[in-house]
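Bear in mind the structure is a predicted one, so any value in this text is a computation, not a measurement.
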Amino acid sequence: MEEIPLASISEDTTHTQNLAQNPAQNPVQNPEDERLSIGANLAYGLQHVLTMYGGIVAVPLILGQAAGLNSTDVGLLVTASLFAGGLATILQTIGLPFFGSRLPLVQGVSFSGVATMIAISGNGGIPAILGAVIAASLIGLLITPVFSRVTRFFPPLVTGIVITTIGLTLMPVAALWAMGGNKAAPDFGSTANIQLAAVTLIIVLLLSKLGSASISRLSILLAIVIGTGIAYVAGMTDFSQVANGPVFAFPKIFHFGYPTFELAAIISMLIVIMVTLVETSADILAVGEIVETKVDSRRLGDGLRADMLSSILAPIFGSFTQSAFAQNVGLVAVTGVKSRYVVATGGMFLVALGLLPIMGRIVASVPTSVLGGAGLVLFGTVAASGIRTLSKVEYNNNMNLVIVATSIGFGMIPIAAPSFYEHFPAWVATIFHSGISSAALMAIALNLLFNHLTTGNSDQQSVFVAATERTIRYQDIARLHDGDYFLNGKLYDAKGTEVPLIAAEAH
């Protein structure tokens, strides 16, 4: 990715110029280790929080309503998820020995287990969910060494497929947000909501076009703020509920009761954890590709362990499984701000939101349709980054084109037809209901089949590949002699004697 020079704070610019004059003094070894000013960290960190806020509160809202909790307890679930997501983000970005990828990844409650956790809540309530999450995440922590050694099976072919699919699978989310977010709302899909999303999108594009790098990098945040202001003037949002409720509140330990451990629930949640590990692996490798930094098996393992440790600890506060948020991977790509300290600052904002419910209520007042307009750019950027990665892949004389086509197509099935797997066993639906995990698993399997297990591969390409370019069979080239040449559609040997050509029908 082409670097956009930082010009948001004058002291940053001066610092950059000094480093250019004295490169030996440059302490930054990797792009993600860049340290920006406090102002830049706060602005870009808040931008990350606004980008993922709707996603991180959606899961506790859904689960709370499914479990029959009252509005106060649902609010506590939301607060706990913000608090746990902030701690998980700080662990992932700053890191501890053996924990944390130290990459710009925002963590939050995973969508992968929503259906499974709703089913568990029907039998044992919230305590059964929390117990299943703790037990399954502990098993996941123990098996991370297996996942951390698979980086050689994630070449640009696989990571490009996954990044592209992440962007494409998030598009329905952007459309849902643009329509208003809540399908039960009377104004869902109204022209007013869609117009507000369109205005926000136009603001993002106009701000991105401006010559100022700082404004361009903050285009998402500024567009959300301006869009919210327009919505307020138009009467499409209000802040009347901001003052209702406590200003400060610490998440209560085991507020919903001590976890209960049921074998069936743990087994079901373990499938979710396996899917989470696959998705997190894909996100870590994707952001590594975008940041242009090395992700080896050790770094991948550290990131997965941080994921699992966060998932083990989150239920203590009343939250659930934690994983990286794909939409924030897109924000890294669209802004070009690769510093992990920016995302760590976003993690501190999330912790503050978890401790200061009033801040959460302010952010919750941002209309969902405004987020939809910004999300269209964000999620599209993820897909574009994946396409750029796939452009680096070699497609000549191999099956890579078929691998790309099949994997992305397979990943689009649950997006195009959400009920596709409803008649399959529950474990199948859990694994493949996510387009990201579907595409990742298919890409890994096909890459192994065609590019690692080469026994039985034919030198004659698939008709799908052969149709895309001009090809010549190796055995045909082997029949040529030194000095043979073509002239006016005829083949001649070195002495100028014409060599007869046999028609295809004669074979």
Practice task
Using the six-membered ring wherever Trp is involved, compare the ring planes of Phe420 and Phe424 and label them parallel, tilted or perpendicular (cut-offs 30° and 60°).
Solution key: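 Geometry flag for Phe424 against Phe420: parallel rings.
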
Within 6.0 Å of [atom1] in [X], more than 12 heavy atoms from elsewhere:
| X | atom1 | answer |
| --- | --- | --- |
| Phe98 | CZ | no |
| Phe250 | CZ | yes |
| Lys392 | NZ | yes |

Over all heavy atoms of both residues, which pair between [X] and [Y] is shortest? Give the atoms and the distance, please.
| X | Y | value |
| --- | --- | --- |
| Leu105 | Thr93 | O-CG2, 3.7 Å |
| Leu196 | Pro367 | CD2-CB, 4.1 Å |
| Ala324 | Asp283 | O-OD2, 3.5 Å |
| Val109 | Ser319 | CG2-OG, 3.5 Å |
| Tyr395 | Leu390 | OH-O, 2.8 Å |
| Arg102 | Ile94 | NE-O, 3.4 Å |

Quick one, Leu130 with Tyr258, criterion side-chain contact (heavy atoms from CB on, under 4.5 Å). Give me CA distance, side-chain angles, the key distance, then yes/no. CA-CA 8 Å; Leu130 301 180; Tyr258 289 99; over 6 Å; no

Heavy-atom donor-acceptor pair, [X] side chain to [Y] backbone, under 3.5 Å:
| X | Y | result |
| --- | --- | --- |
| Glu394 | Asn396 | yes |
| Arg299 | Ser101 | yes |
| Asn328 | Val106 | no |

Chi angles and distances behind the side-chain contact (heavy atoms from CB on, under 4.5 Å) call for Phe256, Leu69
CA-CA 10 Å; Phe256 301 97; Leu69 300 181; 3.8 Å; yes

- [ ] Would you check, one step at a time, whether the test side-chain contact (heavy atoms from CB on, under 4.5 Å) holds for Leu157 with Ile403?
- [x] CA-CA 8 Å; Leu157 171 66; Ile403 295 173; 3.9 Å; yes

Fill in: Polar contact flag, side-chain donor to acceptor under 3.5 angstrom, Asp307-Gln107
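Present: a donor and an acceptor within the cut-off.
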
| query | Do Glu32 and Thr293 have a side chain donor and acceptor closer than 3.5 Å? | reply |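 Yes - a donor-acceptor pair under 3.5 Å links their side chains.
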
Check whether any side-chain heavy atom of [X] sits under 4.5 Å from a side-chain heavy atom of [Y], and report yes or no.
| X | Y | answer |
| --- | --- | --- |
| Ile143 | Leu277 | yes |
| Asp73 | Leu77 | no |
| Gln92 | Gln322 | no |
| Ser281 | Leu300 | yes |
| Pro259 | Phe254 | yes |
| Ser407 | Leu446 | yes |
| Ile203 | Ile230 | yes |
| Thr89 | Leu350 | yes |

Query - Pair Glu289 + Arg388, salt bridge at N-O below 4.0 Å - result: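 Judged by the 4.0 Å cut-off on N to carboxylate O distance, Glu289 and Arg388 do not form a salt bridge.
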
Measure the spacing between [atom1] of [X] and [atom2] of [Y] and express it to the nearest 0.5 Å.
| X | Y | atom1 | atom2 | answer |
| --- | --- | --- | --- | --- |
| Leu138 | Met308 | CG | CE | 10.5 Å |
| Asn398 | Phe450 | CG | CZ | 10.5 Å |
| Leu313 | Leu87 | CG | CG | 8.5 Å |
| Ile413 | Ser438 | CD1 | OG | 7.5 Å |
| Thr368 | Phe188 | OG1 | CZ | 10.0 Å |
| Met236 | Gln195 | CE | CD | 8.5 Å |

- Where do Leu91 and Leu309 land on the side-chain contact (heavy atoms from CB on, under 4.5 Å) test, with the steps shown first? CA-CA 9 Å; Leu91 176 62; Leu309 180 61; 4.1 Å; yes

Which atom pairs, one a donor and one an acceptor, fall under 3.5 Å between side chains of residues 166-187 and the rest of the protein, sequence neighbours left out?
from	atom 1	to	atom 2	distance (Å)
Thr169	OG1	Thr165	O	2.9
Thr169	OG1	Ile166	O	3.0
Asn182	OD1	Ala184	N	3.0

Ring centres of Phe410 and Phe432 under 6.0 Å apart?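 Phe410 vs Phe432: aromatic centres under 6.0 Å.
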
Before you tell me yes or no, could you show the steps for Arg305 and Asp302 under salt bridge (charged side-chain N to carboxylate O under 4.0 Å, His left out), namely the whole-Å CA-CA distance, both residues' side-chain angles and the distance that decides it to 0.1 Å? CA-CA 5 Å; Arg305 278 188 288 273; Asp302 289 348; 2.6 Å; yes

